[in-house]
Amino acid sequence: QLQLVESGGGSVQAGGSLRLSCAASGFNFYSACMGWFRQAPGKEREGVGNVDKAGSTKYADSVKDRFTISRDNAKSTLDLLMNSLKPEDAAMYYCAADFRRYGWCDRLIETDFRYWGQGAQVTVSS
């Protein structure tokens, strides 16, 4: 059974840092493009970034130079390091897997990702 389980959410003051992790099981992690998405109350879910099986990343402009995505294929884990957090970064964060391109990534679009975790809440106070 395919599972994605996020952890590491919490509350932080603006300017602080948080690390989210996603533990994957039940599938060949190497064969998936992995992504992070977020959804704030009253807003649509948006892409944060993705990472392909070789470790190449793509980020949304809003988080570029502040967030870092990494993956460990041997441990089937995905991380999101968030630095210089802003109140507008507060949201539920989701990891997701896309198998369409056998581990390579293209677009950062919600509908391309078939499997999703349950989410981890991030709160940023000003």
Side-chain angles (χ1 to χ4, degrees):
Q1 180 181 357
L2 190 150
Q3 274 195 314
L4 297 170
V5 180
E6 298 95 338
S7 61
S11 296
V12 66
Q13 287 193 326
S17 299
L18 273 178
R19 179 187 292 273
L20 301 182
S21 294
C22 174
S25 60
F27 66 98
N28 183 353
F29 187 73
Y30 188 71
S31 296
C33 165
M34 298 300 298
W36 284 101
F37 290 78
R38 66 186 183 185
Q39 186 168 23
K43 295 188 176 181
E44 293 188 353
R45 189 149 55 182
E46 63 175 357
V48 173
N50 61 25
V51 58
D52 67 25
K53 61 184 178 182
S56 294
T57 53
K58 177 191 296 184
Y59 298 95
D61 288 343
S62 59
V63 306
K64 204 172 292 184
D65 298 326
R66 298 189 298 122
F67 289 13
T68 302
I69 296 173
S70 60
R71 64 189 288 166
D72 187 327
N73 291 328
K75 297 181 179 179
S76 296
T77 56
L78 175 72
D79 283 352
L80 175 65
L81 175 61
M82 302 180 288
N83 293 322
S84 303
L85 282 160
K86 305 175 181 179
E88 52 264 41
D89 294 318
M92 185 72 79
Y93 282 72
Y94 301 90
C95 69
D98 170 15
F99 294 97
R100 298 172 304 119
R101 291 167 56 86
Y102 305 101
W104 302 112
C105 299
D106 50 7
R107 306 175 299 180
L108 184 59
I109 296 177
E110 178 182 358
T111 51
D112 284 353
F113 289 78
R114 182 175 178 183
Y115 298 98
W116 295 80
Q118 83 289 350
Q121 185 68 49
V122 171
T123 303
V124 184
S125 57
S126 56

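This structure is a prediction, so every number in the text was calculated from the model and none was measured. Just the heavy atoms: all of them, side chains too, but no hydrogens, waters or symmetry mates, feed the values below.
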ask   = What about Phe67 and Leu20, same hydrophobic cluster or not, with Ile/Leu/Val/Met/Phe/Trp/Tyr joined at side-chain heavy-atom distances under 4.5 Å?
value = yes

ask   = Quick one: do Met92 and Trp36 end up in the same hydrophobic cluster if we chain Ile, Leu, Val, Met, Phe, Trp and Tyr together by side-chain heavy atoms under 4.5 Å apart?
value = no

key: Heavy atoms of other groups near Arg114 CZ, more than 12 under 6.0 Å   = no

message = Looking at every non-hydrogen atom in both residues, tell me the closest pair between Gly35 and Phe113 and how far apart they are.
response = N-CE2, 3.6 Å

query = What closest approach, in Å, do Leu4 and Gln118 show between heavy atoms, and which atom pair accounts for it?
reply = O-OE1, 3.5 Å

ask   = Hey, does the side chain of Arg71 reach the backbone of Phe29 with a donor-acceptor pair shorter than 3.5 angstrom?
value = yes

query = For the residue pair Phe27 and Phe99, is the inter-centroid distance of their aromatic rings smaller than 6.0 Å?
reply = yes

message = Heavy-atom count check: over 12 atoms from other residues, nucleotides or ligands less than 6.0 Å from Glu88 CD?
response = yes

task = Show the numbers, then the answer: is there a side chain to side chain contact (heavy atoms under 4.5 Å, CB included) between Arg38 and Ser62?
result = CA-CA 12 Å; Arg38 66 186 183 185; Ser62 59; 3.5 Å; yes

request  = Would you please indicate if the ring centroids of Trp116 and Phe37 are separated by under 6.0 Å?
outcome  = yes

task = Work out which heavy atom in Val48 is nearest to a heavy atom in Val63; give both atom names and the distance.
result = O-CG2, 3.5 Å

ask   = Can Leu108 be reached from Val51 by stepping across I, L, V, M, F, W or Y side chains whose heavy atoms are under 4.5 Å apart?
value = no

note = Correct closest heavy-atom pair for Ala90 and Thr123 would be CB-CA, 4.2 Å

inquiry  = Please report the interatomic distance CE(Met34) to CG(Asp98), rounded to the nearest 0.5 Å.
reply    = 9.5 Å

key: Short side-chain to backbone donor-acceptor contact, Glu6 and Cys22, under 3.5 Å   = no

task = State, to 0.1 Å, how close Ala14 and Pro87 come at their nearest heavy-atom pair, and which atoms those are.
result = CB-CD, 4.1 Å

key: Stepwise side chain to side chain contact (heavy atoms under 4.5 Å, CB included) check, Ser17 with Asn83   = CA-CA 4 Å; Ser17 299; Asn83 293 322; 2.7 Å; yes

note = Hits for side-chain hydrogen bond (donor to acceptor under 3.5 Å, both in side chains) against Arg101, two or more places apart or cross-chain, chain-then-number order -> none

ask   = For Asn50 and Cys33, which heavy atoms make the closest approach, and how far apart are they?
value = CB-SG, 4.0 Å

task = Could you tell me whether the side chain of Asn73 and the main chain of Lys53 form a donor-acceptor pair under 3.5 Å?
result = yes

key: side chain to side chain contact (heavy atoms under 4.5 Å, CB included) assessment of Ile69 paired with Leu78   = CA-CA 7 Å; Ile69 296 173; Leu78 175 72; 3.8 Å; yes

message = Between Met82 and Arg66, is the side chain to side chain contact (heavy atoms under 4.5 Å, CB included) condition met? List the steps.
response = CA-CA 6 Å; Met82 302 180 288; Arg66 298 189 298 122; over 6 Å; no

task = Decide salt bridge (charged side-chain N to carboxylate O under 4.0 Å, His left out) for Asp89 and Lys86; before the verdict, give the C-alpha distance in whole Å, the side-chain angles of both, and the deciding distance to 0.1 Å.
result = CA-CA 5 Å; Asp89 294 318; Lys86 305 175 181 179; over 6 Å; no

ask   = Any chain of hydrophobic side-chain contacts (each under 4.5 Å) joining Tyr93 to Val12?
value = yes

